[in-house]
*Asks:* 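Structure below; questions to follow.
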Amino acid sequence: MNARTARPAAAAAAAATMLVSLSACGGEDAAAPSGKVVIAGVEVVKDQKLHDLLPEKIKKSGEVRVATDVPYPPFEMYVKEGETALTGLDHDLGQALGGKLGVTFAFTPQKFDGIVPAIQAGKFDVAMSAITDNEDRQKVVDFIDYSQSGSGILVGDGNPSKVEKLDDLCGLKVAVQAATNQLDLLKSHQDACRAAGKGKIDIQTFPKDSDAQLALRSGKVVAQVLTKPAAGWVAKTADAGKAFDLVEDPAAPGGYNASPNGIAISKQLPELTDAVQKALQALIDDGTLTKICNKYGVPSIAVKEATKNASVD
């Protein structure tokens with residue numbers, strides 16, 4: 001289960017719910033002098049050795065062309081509705097990678113289903129759009145993986161029902177968007193509830209995530225299951241963080257049934273793949289990646305190692 005095997009129907013609804021706080025997110029980071037950038041409160045400085053690894057054409061242009069599908073909170077968002085400036089976890093990570101490599105990661109919106117073909121056609125060098133690393137995509141692009149993304153549990157502020165893991169949902173009313181991987185997860189967990197001698201999960205389906213959150217607010221359900229990054233972002237931003245909490249299960253830090261999300265890079269640019277992998281590892285080692293993820297409410301999805309083509313599905 002993952003962020004972007006395909007464009008979920010919930011994305012538009014999530015975007016509408018989350019736009020209220022984007023101005024603050026977009027404004028807190030700024031370019032710094034002398035080739036430095038500041039992302040999530042961290043100053044990122046160019047590493048000349050990593051810059052030297054880049055393909056000549058990118059060193060010459062000073063730019064990495066990045067495709068992204070907007071909006072898909074918290075990974076890709078507009079700073080303000082109706083404007084073109086971007087923010088989000090992927091955008092911040094791109095700016096941090098650019099700062100480390102001494103080039104600009106220039107993001108351009110692109111429909112999700114056209115991203116990989118556009119890379120193959122040479123229109124873009126990379127894509128950063130919460131893309132699931134899978135074996136089919138590995139045939140045409142390479143991935144440098146930066147997060148693990150699965151399903152998460154959103155509860156009311158203070159977690160009144162003391163939900164700590166998926167098993168705790170047995171016997172309770174739980175909201176979920178219809179026709180999603182999260183609905184499949186809840187259905188598949190019913191056998192585990194029975195085996196544990198607990199009641200079945202009382203699954204309440206809704207057409208949109210925002211409808212499920214209204215049910216959670218009103219007490220009609222005790223939890224909602226949705227993608228963990230979206231759950232973390234909602235918990236962080238709704239009513240300034242006072243409406244919901246994200247359940248953190250130590251046994252599933254990236255969420256339930258988590259899959260790797262990666263930066264997709266053209267197979268025609270192996271030097272860029274190597275440079276991005278080393279730059280990402282540097283951002284992992286100094287804690288920058290975790291701080292970027294924390295800015296969007298999901299520090300636990302950050303990986304510990306910048307793997308290449310990690311998926312073995």
Side-chain angles (χ1 to χ4, degrees), residues 4 22 25-40 42-48 50-80 82-131 141-144 146-147 261-280 282-283 288-289 292 295-296 306:
R4 299 295 279 278
L22 298 192
C25 288
E28 73 178 56
D29 296 327
S34 305
K36 302 173 185 176
V37 296
V38 178
I39 299 295
V42 179
E43 184 177 83
V44 182
V45 182
K46 175 182 175 180
D47 185 320
Q48 185 62 44
L50 295 181
H51 177 82
D52 292 343
L53 297 175
L54 292 168
E56 286 301 322
K57 73 170 190 175
I58 289 178
K59 284 191 282 189
K60 184 176 180 179
S61 69
E63 181 177 278
V64 174
R65 300 168 301 164
V66 184
T68 192
D69 182 24
V70 191
Y72 186 73
F75 289 96
E76 8 286 335
M77 301 176 280
Y78 291 107
V79 173
K80 292 183 180 179
E83 298 185 3
T84 59
L86 301 179
T87 186
L89 195 158
D90 280 336
H91 188 266
D92 279 5
L93 178 57
Q95 305 319 301
L97 289 168
K100 184 64 68 175
L101 292 169
V103 293
T104 298
F105 271 53
F107 281 66
T108 300
Q110 169 77 35
K111 291 292 186 182
F112 189 75
D113 59 3
I115 283 178
V116 171
I119 291 176
Q120 290 178 279
K123 183 178 179 181
F124 296 101
D125 305 311
V126 311
M128 298 181 68
S129 201
I131 303 175
V141 294
D142 286 319
F143 285 97
I144 301 302
Y146 61 95
S147 73
N261 295 329
I263 302 165
I265 306 177
S266 170
K267 284 187 176 291
Q268 304 304 312
L269 298 169
E271 302 98 333
L272 179 59
T273 301
D274 183 46
V276 168
Q277 185 174 21
K278 288 181 170 63
L280 178 59
L283 296 175
T288 301
L289 176 61
I292 291 172
K295 176 181 172 182
Y296 295 95

*Asks:* Check whether any side-chain heavy atom of Leu97 lies under 4.5 Å from a side-chain heavy atom of Ile263, and answer yes or no.
*Replies:*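 Touching, per the 4.5 Å side-chain cut-off.
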*Asks:* Indicate yes or no: at least one non-hydrogen side-chain atom of Thr288 is less than 4.5 angstrom from one of Lys100.
*Replies:*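 Sidechains of Lys100 and Thr288: no contact.
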*Asks:* List the atom of Ala127, the atom of Ile115, and the distance in Å for their closest heavy-atom pair.
*Replies:* CB-CG2, 3.3 Å
*Asks:* Are Lys57 and Leu269 side-chain neighbours, meaning at least one heavy-atom pair lies under 4.5 Å?
*Replies:*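 Of all side-chain heavy-atom pairs linking Leu269 with Lys57, at least one is under 4.5 Å.
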*Asks:* Side chains of Ser266 and Asp125: closer than 4.5 Å at any heavy-atom pair?
*Replies:* no
*Asks:* Taking atom types as modelled, is there a side-chain donor on Ser147 or Asn261 under 3.5 Å from an acceptor on the other?
*Replies:* yes
*Asks:* Return the CD1 to CZ distance between Ile58 and Arg65, rounded to the nearest 0.5 Å.
*Replies:*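 Atom-to-atom, Ile58:CD1 and Arg65:CZ are 8.0 Å apart.
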*Asks:* In Å and rounded to the nearest 0.5 Å, what is the CG to CG distance from Asp274 to Leu54?
*Replies:*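 Rounded to the nearest 0.5 Å, the CG-CG separation comes to 9.5 Å.
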*Asks:* So, do Leu283 and Val42 sit near enough that their side-chain heavy atoms are less than 4.5 Å apart?
*Replies:*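 Not touching, per the 4.5 Å side-chain cut-off.
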*Asks:* Run Ile292 and Leu89 through side-chain contact (heavy atoms from CB on, under 4.5 Å) and show every step you take.
*Replies:* CA-CA 7 Å; Ile292 291 172; Leu89 195 158; 4.2 Å; yes
*Asks:* Would you confirm whether Thr68, through its side chain, and Met128, through its main-chain N or O, come within 3.5 Å as a donor-acceptor pair?
*Replies:* yes
*Asks:* Does the side chain of Val103 reach to within under 4.5 Å of the side chain of His51, using non-hydrogen atoms?
*Replies:* yes
*Asks:* What's the shortest heavy-atom distance between Asp52 and Lys59, and which atoms?
*Replies:* O-NZ, 3.3 Å
*Asks:* Output the distance between atom CG (Leu272) and atom CG (Asp142), rounded to the nearest 0.5 Å.
*Replies:*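 Between atom CG of Leu272 and atom CG of Asp142 there are 10.5 Å.
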*Asks:* List the atom of Gln95, the atom of Val37, and the distance in Å for their closest heavy-atom pair.
*Replies:*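 Taking every non-hydrogen atom into account, O-CG2, 3.7 Å.
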*Asks:* When rounded to the nearest 0.5 angstrom, what distance separates OH in Tyr78 from OG1 in Thr84?
*Replies:*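 The OG1 atom of Thr84 is 8.0 Å from OH of Tyr78, to the nearest 0.5 Å.
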*Asks:* To the nearest 0.5 angstrom, please state how far the NZ atom of Lys295 sits from the CG atom of Asp92.
*Replies:* 3.5 Å
*Asks:* Looking at Tyr296, Tyr146, Tyr72, which hits side-chain hydrogen bond (donor to acceptor under 3.5 Å, both in side chains) with Asp90?
*Replies:* Tyr146
*Asks:* Counting distance only, does the side-chain N/O of Thr104 pair as donor-acceptor with the main-chain N or O of Ala106 below 3.5 Å?
*Replies:*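 No; zero donor-acceptor contacts below 3.5 Å.
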*Asks:* Which pair of non-hydrogen atoms, one from Leu50 and one from Ala279, has the smallest distance, and what is that distance?
*Replies:* CD1-CA, 3.8 Å
